[in-house]
Each structure stands twice: as C-alpha cells, then as structure tokens.
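Contents: one structure, followed by commentary.
Counting begins at 1 with the first residue of the sequence. Computed over heavy atoms, backbone and side chain alike; hydrogens, waters and symmetry mates excluded. Note that ligands are numbered from 1 as they come in the structure, with each ligand's atoms numbered from 1 the same way.
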Amino acid sequence: MKAPRATPKKTAHSRAGAGLSIVIPAYNEAYGLPGLHDRIAAVARKLHAERGLAVETVYIDDGSSDATFRVASDLPADGFDVQAVALSRNFGKEAALLAGLEHARYDAVMFMDADGQHPPELIETLVSRWLDDGYDVVYTAKVHRENEPWQYRFGVNWFYAMVNWGSKHKIPDDAGDFRLLSPRATQALKRLPERNRFLKGLSTWIGYRQIRVDYEPAARVHGKSSWSFWTLLLLSIEGLTSFSVAPLRVASLLGILLALGALLFGIEVLVETFLFGRDVPGYPSLVVGMMIIGGVQLVMIGVLGEYIGKMLSETKQRPAYFVAEHLTKTADHEKASPPESRAAE
Ligand code: UDP
Ligand code: MG
C-alpha cells in the first residue's frame, strides 16, 4: 500500500525551515566572484524576507592560482552566511562539488557555477519548484546549444546516448550541474560513498521527484572555460564507466559480430574449395583478419582496464580532496556592509 503523498502546501513551511546552502565551485574566478555574490545576495535576501528561508553560500576554491580564496573570504555576509573553503590543490570540479556538499550546513543544497553562466535570478524559480511544488531534484537544462560548436554538440549527444543505453535511470540530455536538491535528496546524495563522482548521474540515480527547468545560459563573465577536448573526453569516460556497462556490452557485441563474420568467411572458404576447387588467397585475408581481431582486442582490453582502474581507485579509498583553509562568516542582519568595504578585487 502506498502512503498518500502530503500536499506541498502543508509541508512547504517545514521544508523552508531547513534552509538552503548554495555551493559554488570556483577555479580562478577571482574577477567575477564579487559581481556574482551581489546578484546571489539580492536573491538570498528576498528569499529570506518572503519565505523565511535561511541561505548560505559555500565558495569552494579549487586550488586556484589567482586570488579566488582571498576574494571569497572578503565577500560580505550581508543578511546571509558565507563560507569560503580552499582546497589544498586543484582537484577538479566534481571533487569541489563534493567538498561543497560536505561543508553545506543547511539541509537543502544548490550547486551553481562561479562564472556567471548559471543565472542567480533562476534561484527563485528552483526554490519555488522545491517549496511550492514539492520536487526533490530541480535540475536545469540549456534551452539550446546554438552557441556551441557542432563537434561539441555531436559529442554531447553521443555521450548521453552511450550513458543511457540500456540504463534504467536515464540521465536527462543537456542537464547541467546547476540544480537544487531537497533535504532528503541531499541526504541521499551524501550517502553515496564513491570517490570518483559524476554529479549529474548521481543525482538522477537517487530518484525521488525530479523536475527539469530550462534556462538560457549566459556568456562567461570573464576568462575561458577550463574544459579542453581532453578534459571533456576524460569526464565522458568517467561518466560512462560510472553509470553504464555499455562499453563492456560493445565488447561482447563486437565479439559476437566478429565470430559471426569468421563463421561466414569459413563457410565461404569451404564452399570455394570443395565445390569450385578454387584456392582461397591466404596471406591478405589472414593479415586483415589478424589486424581486425588484434585491434578490437586492444581496444577492449583498454575498456576493461578503465573499469579495473576505477575499482583500484575506489578500493584505495583516498579522500577526494583536502581542505587547506576554511572560513565561515555569519550573517549580520543589522549591519549592511556597502560593496566599497570589500578588499581590492
Ligand atoms: N571549476 C572547478 N575546478 C576545475 C574546473 C572548473 O571548480 O578544475 C569550476 C569553475 O570555476 C566554474 C565551474 O567549475 O565555476 C564550471 O567550469 P567551466 O566554466 O570551466 O566549465 P563550463 O561552464 O565550460 O562547463
Ligand atoms: Mg562555465
């Protein structure tokens, strides 16, 4: 018997009582942080005034070489709390997101980028989907990818097709890391023990009530994306091998295809020799056959190695990151510090 679902209106207040931590991973984002913080602050104060929702921002400096941590530490806790956490080196965005999740002090968590591409003005919409409509995972997706090169779009489509192939928990196309998790979804995410993480996949996998919100991605405020072809390729391999055994299935399928091909070829050889008495030219067909089999085997050993490597790194159970510095500023509701009081940016 299914228990009847509580109506959103009844529980909205208790949900809001939980508070919201906004986790922002930042790698060399010193220049854009103050502007972003101001925009978040406006929304945070509104949420607090209108819904009584406590908000904090958690900036994770992912081993930046610029002044990101100093700038984050100087941001005013103007009406809401601010945490600044510096990791001991650059661990990558997924590790930074995990650090944010583990430092978040409120029950609900939101993840957003530090480069201004995730518009803070959308926070209200996400919060409304959570509090008013009772959704647990509110994820965002880009309405279009027209400003991205076709090769990139092709790669993205191919990636999702592979990850979702035969999987019961489909990761939505184009979903980004910009998302809000309700307290119970946050709890669930915290319970997933793996060190090699892929947030989009994990937060889909936990289930609960999920909803998509479309948005128009903004241009980066400054600098350029830290993803290169190779880092994207590595993340794709990470995502693929974390969430699907599709590459292993490809191996089995290829094996079956090759065996079938060999069988047909063998029958042809028999027919040619016995029925028509023709000699089958041996050398070229032998070399081609060997090269195909050798190539496929090497690729598939690589695929197996990918999974074994993942098992190795999980069994080592190394921490996903180390914290070098951590600062928490508590909200001062009385004192509104003017933007000029910030340290030089
Ligand atoms: N980021 C990070 N560690 C890294 C690379 C990126 O914390 O090693 C952060 C970065 O500061 C930004 C977010 O992850 O806030 C997204 O990065 P980016 O804008 O480079 O990626 P894109 O928007 O192109 O996917
Ligand atoms: Mg970006």
> Taking non-hydrogen atoms only, is I24 closer than 4.0 angstrom to ligand 1 via side chain, backbone, both or neither?
Replying inline: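 Looking at I24 and ligand 1, no heavy atom falls under 4.0 Å.
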>> I need the contact type for K93 against ligand 1. Using non-hydrogen atoms and a strict under-4.0 Å cut-off, is it side chain, backbone, both or neither?
In response: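 For K93, backbone and side-chain atoms both sit under 4.0 Å from ligand 1.
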>> Could you tell me if E102 and Y321 have a donor-acceptor pair between their side chains, going purely by distance under 3.5 Å?
In response: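 A donor-acceptor contact under 3.5 Å links the two side chains.
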> Are any of the N or O atoms of P25 closer than 3.5 Å to those of ligand 1?
Replying inline: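 For ligand 1, there is an N or O atom that lies under 3.5 Å from one belonging to P25.
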> Are the side chain of R105 and the backbone N or O of G19 linked by a donor-acceptor pair below 3.5 Å?
Replying inline: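 Looks like no, no N/O pair under 3.5 Å.
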> Which option out of D177, D62, D61 puts a heavy atom nearest to atom 4 (C) of ligand 1?
Replying inline: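 Shortest heavy-atom distance from atom 4 (C) of ligand 1: D62.
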> Would the H37 and F80 ring centres measure less than 6.0 Å apart?
Replying inline: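 Centroid distance H37-F80: below 6.0 Å, so yes.
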In terms of atom number and element, which parts of ligand 1 are under 4.0 angstrom from non-hydrogen atoms of [X]?
X: N90; result: 3 (N), 4 (C), 8 (O)
X: D113; result: 13 (C), 15 (O), 16 (C), 23 (O)
X: A26; result: 7 (O), 11 (O)
X: E29; result: 10 (C), 11 (O), 12 (C), 15 (O)

>> Consider side chain to side chain donor-acceptor pair (under 3.5 Å). Of K46, R129, R51, which one does E124 pass it with?
In response: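 Of the listed residues K46, R129, R51, the side chain to side chain donor-acceptor pair (under 3.5 Å) partner of E124 is K46.
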> the Mg ion (ligand 2) to D113: any N/O/S contact under 2.8 Å?
Replying inline: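 Checking D113: none of its N, O or S atoms is under 2.8 Å.
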> Should V138 and M110 be regarded as members of a common hydrophobic cluster, given that ILVMFWY residues are connected when their side-chain heavy atoms come within less than 4.5 Å of each other, either directly or indirectly?
Replying inline: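 Yes, because V138 and M110 connect within a single hydrophobic cluster, where side-chain heavy atoms sit under 4.5 Å apart.
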> R45 versus D78: any side-chain heavy-atom pair under 4.5 Å?
Replying inline: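 Yes. Closest side-chain heavy atoms under 4.5 Å.
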> What atom name does the N, O or S atom of D115 nearest to the Mg ion (ligand 2) carry?
Replying inline: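 The D115 atom nearest to the Mg ion (ligand 2), restricting to N, O or S, is OD2.
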> Of the options R209, R179, R184, which is the one that meets D136 in a salt bridge (Lys or Arg N to Asp or Glu O under 4.0 Å)?
Replying inline: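 Answer to the salt bridge (Lys or Arg N to Asp or Glu O under 4.0 Å) test with D136 among R209, R179, R184: R184.
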